[in-house]
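These numbers come from a predicted model, not from an experiment.
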Amino acid sequence: MENMHLKLKIWRQGGKFSKKGEFVTYELDNVSEHMSFLEMLDVLNEKLITQREEPVAFEHDCREGICGTCSMVINGHPHGPNAGTTTCQLHMRFFRDGDTITVEPFRAKSFPVVKDLVVERAAFDRIIQAGGFVSINTGQAQDANAIPVSKESATASFDAAACIGCGACVAACPNASAMLFVSAKVSHLALLPQGKVEAKRRALAMVKQMDLEGFGNCSNVTACEAECPKEISVENIARLNREYISAAFVYDEKEEKGGGAG
Amino acid sequence: MSWLTNTLSPVGLGWFGGFLTSSIGKKVLMALTGLFLISFLPIHLLGNLYLLKDDKGESFNLYAEFMTHNKIIKAVSYTLYLSIVLHAIQGLLLWRQNASARGQNYAVKVTRAVGTNARAATRMGWLGTILLIFILLHMYQFWLQMKLGNVPRAAYGNGEIVKDLYNPVMDAFANPTFVIIYVVSMIAIAFHLWHGFQSAFQTLGLNHGKYTPFIKALGKAYSVLIPAGFAIIPIYVYGDSMGWW
Ligand code: HEM
Ligand code: SF4
Ligand code: FES
């Protein structure tokens, strides 16, 4: 329907609002069903600015579902109630005239709120820094078929690589666990020949960093997969568990410390 | 390659301690102890079914006598007690840690799940607490009284005098309060295992297109049939004492 009237219950924190945060309810008219959720927030912010009020801080970048920036929890669902989409891909046609929509930031101790709906997700960057890479120097591009990769591994790896690092899995998990994210990163590298080389070190290092960041433990609830905008499967978590358990038992860290090239 | 030093275990614990205190290692301990308890329950149930035999407790008491005097079974029981203790302590610690990882709670709280029961999965701590209280009561009521010798004696065919656990059980289940406590606890086990059975396999990394559907189906059948089998005993004994059948 054109020109919906909405009640937006939005979390405001910092700036003119209290340090510990509070909900503020805004009324918004003339919301078109063709708008994305972020465009709707843009309209709200323009209205707030004309009224000389502080606009709602929220994160966005690509607005096409690939960067993973647009974090917020809409009516209890990270990235909104639709499956397999990000907030920027959520359209207002999924709401009804007169709806009250509750918008909160991702909640996790390891994702502190910066302001309003903006949270700090540097914990994910530190997990990637701990091992989410392959140590290969770039050089001449080699023949594409030089290293054979099976269709199954390529597909499974690519499915895992679809993770955009948005953090919705943490936001959705009742334990605020980061296992789906870490398992996607570990899987997408471990399934390919180039990534297999460092698979054991990687699993140990990334899980260690994940634990240091204070995320919860996995209870296999699968809320992460249900809310993940890229529909990353919890099968990756089983793979991470396998990788980690085998690495813990067979990988000797001491050998790594002793010299060598690199 | 400084990132490699990140993989070193926490100081003083060694690599195995590092593994056990990692988020995955903690869950591996939960899964292994949980699966051990799962493997014990059907055996416990088969023995208990002797209680329903109409021989004034002879077969049950002789079975109990055998179970408490066989060396191998004793060793297995101690492993079992240790598993319960480890599983309960680790479970309570995980529950606390997981509850605090959120920080501030959501105003609107909904939990979706894929292929698991979110209601059971998010209540493992509460269900486990009910089970812990039940296990303590159960062991105090029968196991401890038997260990302390606070049970009557009975003599059977070959003149052997054994501890009589059958009659204390019959007395307990003639009391409707105990019947309700036991049946409710079995419902709690059913929900705990509805999630826990398949969860343990996932924790151990055993998720495979060929086997996981079977594991999930087996888990559902197990978590209904085994607790139901246990629950029949107090209900049957109570009905018997009331002359219902
Ligand atoms: C008959 C007794 C019990 C059996 C057979 C059993 C079995 C299991 C199994 C198989 C799991 C899944 C492990 C995994 O996800 O890897 C589990 C999880 C759990 N159990 Fe038990 N359990 C029993 C008693 C208890 C008790 C007494 C407690 C606590 C006081 C408890 C607390 C928990 C908790 C909190 C979890 C969830 C752990 C997590 O996923 O974070 N359980 N149990
Ligand atoms: S696994 Fe899914 S929810 Fe988690 S960070 Fe990656 S894309 Fe986002
Ligand atoms: S803004 Fe990039 S995914 Fe939404």
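- Counting heavy-atom pairs under 4.5 Å between each of A:Asn175, A:Ile245, A:Val207 and chain B puts A:Asn175 at the top.
- Counted by atom type alone, A:Asn217 and A:Ser177 present zero donor-acceptor pairs between their side chains at under 3.5 Å.
- Of the listed residues B:Met124, B:Gln198, B:His195, the one with more heavy-atom pairs under 4.5 angstrom with chain A than any other is B:His195.
- Interface remark: A:Met206 contributes no atoms to any contact with chain B (heavy atom separation under 4.5 Å).
- Heavy-atom distances place no part of B:Asn117 under 4.5 Å from chain A, backbone and side chain included.
- Across A:Ile232 and A:Ala162, no two heavy atoms sit closer than the pair CD1-C, 4.2 Å.
- Within the 4.5 angstrom heavy-atom criterion, only side-chain atoms of B:Gln97, from C-beta onward, approach chain A.
- Side-chain contact of A:Thr86 with A:His79: a donor-acceptor pair under 3.5 Å is absent, judged by distance alone.
- A salt bridge between A:Glu213 and A:Lys109 is absent, with no side-chain N of the basic residue lying under 4.0 Å from a carboxylate O of the acidic one.
- Heavy atoms of A:Ser219 lying under 4.5 Å from chain B belong to its backbone as well as its side chain.
- The parts of A:Val234 that come within reach of chain B are both its backbone and its side chain, each placing non-hydrogen atoms under 4.5 angstrom from that chain.
- Side chain to side chain, B:Lys26 and B:Ser22 fail the donor-acceptor criterion of an N or O pair below 3.5 Å.
- Looking at B:Ala99, neither its backbone nor its side chain comes within 4.5 Å of chain A, counting heavy atoms on both sides.
- Between chain B and the residues A:Ala172, A:Gly214, A:Cys173, the largest count of heavy-atom pairs under 4.5 Å involves A:Cys173.
- Summarising the geometry of A:Leu117 relative to A:Glu104, their closest heavy-atom pair is CD2-C, 3.6 Å, with the distance given to 0.1 Å.
- Contacts of A:Pro81 with chain B are made by both backbone and side-chain atoms, with heavy-atom separations under 4.5 Å.
- A heavy-atom distance below 4.5 Å is not found between the side chains of A:Gln89 and A:Phe37.
- Taking 4.0 Å as the cut-off between side-chain N and carboxylate O, A:Arg12 and A:Glu22 do not count as a salt-bridged pair.
- In this structure, the portions of A:Arg107 lying under 4.5 Å from any heavy atom of chain B include both its backbone and its side chain.
- Looking at A:Pro105, only its backbone comes within 4.5 Å of chain B, counting heavy atoms on both sides.
- Counted by atom type alone, A:Gln13 and A:Trp11 present one or more donor-acceptor pairs between their side chains at under 3.5 Å.
- In terms of heavy-atom pairs under 4.5 angstrom with chain A, the leader among B:Gln104, B:Lys109, B:Met30 is B:Gln104.
- With chain B as the partner, the residue from A:Ala176, A:Ser110, A:Gly216 showing the most heavy-atom pairs under 4.5 Å is A:Ala176.
- Relative ring orientation between B:His192 and B:His87 is described as perpendicular, the plane-to-plane angle rising above 60° on a 0-90° scale split at 30° and 60°.
- Contacts of A:Glu235 with chain B are made by both backbone and side-chain atoms, with heavy-atom separations under 4.5 Å.
- Both the backbone and the side chain of B:Val110 come within less than 4.5 Å of a heavy atom of chain A.
- Taking the six-membered ring for Trp and thresholds of 30 and 60 degrees, B:Tyr182 and B:His138 have ring planes more than 60 degrees apart, a perpendicular arrangement.
- Contacts of A:Phe23 with chain B are made by side-chain atoms alone, with heavy-atom separations under 4.5 Å and no backbone atom involved.
- Ranked by heavy-atom pairs under 4.5 Å with chain A, the first of B:Val28, B:Leu94, B:Val114 is B:Val114.
- Side chains of B:Thr203 and A:Asn220: a donor-acceptor N/O pair is present below 3.5 angstrom, by distance only.
- For B:Thr111, the part sitting under 4.5 Å from any heavy atom of chain A is the side chain, from C-beta outward, and nothing else.
- At a threshold of 4.5 Å between non-hydrogen side-chain atoms, the residues A:Glu227 and B:Arg112 count as touching.
- A tilted orientation is assigned to the rings of B:Phe230 and B:His44, their planes being inclined by 30° to 60°.
- With a threshold of 4.5 angstrom between heavy atoms, B:Ser100 approaches chain A through its backbone and through its side chain.
- Between chain A and the options B:Ala118, B:Ala121, B:Ala113, the largest number of non-hydrogen pairs under 4.5 Å is found for B:Ala113.
- Heavy atoms of B:His208 lying under 4.5 Å from chain A are absent altogether.
- If you measure heavy-atom distances from A:Ala247 to chain B, you find no contacts under 4.5 Å at all.
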